[in-house]
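Okay, structure first, notes after.
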Amino acid sequence: MKVLEMQNVTKKFGDFVAVDNVTLSVDEGEIFGFLGPNGAGKSTSINMIAGLLRLNEGKIKILGKDISKSNQFAKKNIGIVPQDIAIYEELTAFENVKFFAGLYGLRGEALNERVEEALEFVGLSDKAKSHPKDFSGGMKRRLNIACAIAHRPKLIILDEPTVGIDPQSRNYILQSVRKLNEMGCTIIYTSHYMEEVEEVCTRIAIIDHGKIIAEGTKAQLKSIITNTKDVWVGVTSCREVDPDELKDIAGVQEVQINWEDNVIKINSAIDVNNLNKIIRYFINHNIEIRSLEEKAPNLETVFLTLTGRNLRDK
Ligand SMILES: Nc1ncnc2c1ncn2[C@@H]1O[C@H](COP(=O)(O)OP(=O)(O)OP(=O)(O)O)[C@@H](O)[C@H]1O
Ligand SMILES: [Mg+2]
């Protein structure tokens, strides 16, 4: 089932086109990543999906229903964690979650139970009675997540949830994303951190200047720029290495020996896992392995190749 469908969606601010004719869909059970640099149009897209911003052209469907016709249905089924933390400093953590969950029609004991469940999920149960003004950035972000999930939405959207927080909270959030997904939620995750998107997402759209410039699984995106990977094997001595024998291993296309550093570079088809066979070759020939490194392209390389720019300013 498709949880989200965007059909030719365009958003303009005056003459400026922030989201340009975007068409994409997200299936149930996916962790879908929106990867793009500052100003790419990630938040604008997210805000339109969540019904917070009107579109100029196109159509957005949530669980098959057009959001312009059934806004309430979309809101009930979506939990959004906005880029800018949206919580009330003067309310306690418990009251914050209760306020947001209450907007979706939950009442009484059921509401209280859901609030407790959400606080427990983000690891803030012991802070239920505290005010967020005393929280760290990471704790505020986790509270914001609790506010978004208490009504048990089918689709959870997180807009750059790890910006400016400590590594521990970051790991906690990434783990929570996986856990929510295992519990049956579909996730949309936006970030300009290539490592995070690569780590957590099952499918990724790369967005730049409001346009989707590539879309697919990690492997598919990488195969846009190359269909090979390199394995570098450092040995004590290259003398016994026979490149022709290595080339007989499935997937291997090219073998280069660096005699000076005693390193063999083995270039293989990206979709063949032949690491075991490569290692076995060295063991069978009694050649001692000092180091082993696989160098496959990452999403940063994909972005750089497609746009000529880095994802982040360096
Ligand atoms: N309300 C607005 N009025 C005018 N321009 C806007 C408005 N909101 C966004 N923009 C512009 O639209 C473009 C896309 O912005 P958006 O916030 O969607 O980018 P983003 O990918 O989320 O970037 P970031 O990584 O910085 O959050 C930017 O050039 C931004 O300046
Ligand atoms: Mg943004």
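What you are looking at is a predicted structure, and each value in this text was computed from that prediction instead of being measured. Note that ligands are numbered from 1 as they come in the structure, with each ligand's atoms numbered from 1 the same way.
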Point to revise | Gly41 N/O to ligand 1 N/O under 3.5 Å | key: yes
Revision key, fill the gap. Among Lys42, Gln83, His192, closest by heavy atom to atom 25 (O) of ligand 1 is Lys42
Check your understanding: Do Asn298 and Thr301 have side-chain N/O donor and acceptor atoms under 3.5 Å apart?
Key -> yes
Review point. Do any N or O atoms from the side chain of Glu30 and from the backbone of Asp27 form a donor-acceptor pair under 3.5 angstrom?
Key: yes
Practice item. Scan side-chain atoms only and decide if His192 and Glu160 contain a donor-acceptor pair under the 3.5 Å cut-off. Key: yes
Review point. Under the 4.0 Å line, does any protein heavy atom show up next to atom 30 (C) of ligand 1?
Key: no
Exercise for review: Under 4.0 Å from a heavy atom of Phe16: give me the atoms of ligand 1 that qualify, with their elements.
Suggested key: 11 (C), 12 (O), 13 (C), 29 (O)
Review point. Which atoms of ligand 1 sit under 4.0 Å from any heavy atom of Ser43?
Key: 17 (O), 18 (O), 20 (P), 22 (O), 27 (O)
Exercise for review: Could you say whether the N/O atoms of Gly39 and ligand 1 ever approach to under 3.5 Å?
Suggested key: yes
Practice item. Would you mind checking which non-hydrogen protein atom is closest to atom 15 (O) of ligand 1, with the distance to 0.1 Å? Key: Thr44 OG1, 3.7 Å
Practice item. Looking only at protein heavy atoms, identify the closest one to atom 26 (O) of ligand 1 and say how far it is in Å. Key: Asn38 ND2, 3.0 Å
Check your understanding: Among Thr202, Val3, Ile157, Leu180, which one satisfies side chain to side chain contact (heavy atoms under 4.5 Å, CB included) with Ile187?
Key -> Leu180
Practice item. Verify the distance test for Ser43 against the Mg ion (ligand 2): any N/O/S atom under 2.8 Å, yes or no. Key: yes
Check your understanding: Within the stated cut-off of 2.8 Å, is an N/O/S atom of Gln83 closer than that to the Mg ion (ligand 2)?
Key -> yes
Revision key, fill the gap. Among non-hydrogen protein atoms, atom 1 (N) of ligand 1 lies closest to Phe13 CE2, 3.5 Å
Practice item. Verify whether one side chain among Thr10 and Asn56 offers a donor that lies under 3.5 Å from an acceptor in the other. Key: no
Review point. When you measure from the centre of the six-membered ring of Phe73, is the NZ or CZ of Lys65 under 6.0 Å away and within 45° of the axis?
Key: yes
**Study point:** Charged tip of Lys75 within 45° of Tyr104 ring normal and under 6.0 Å
**Key:** no
Check your understanding: If you measure only the distance, is there a donor-acceptor pair under 3.5 Å linking the side chains of Ser125 and Glu116?
Key -> no
Exercise for review: Please check if atom CZ in Arg290 has more than 12 non-hydrogen atoms from other residues, nucleotides or ligands closer than 6.0 Å.
Suggested key: yes
Review point. Would you say Ala18 has any N or O atom under 3.5 Å from an N or O of ligand 1, going by distance alone?
Key: no
**Study point:** Side chain, backbone, both or neither: the part of Pro37 lying under 4.0 Å from ligand 1 by heavy atom
**Key:** backbone
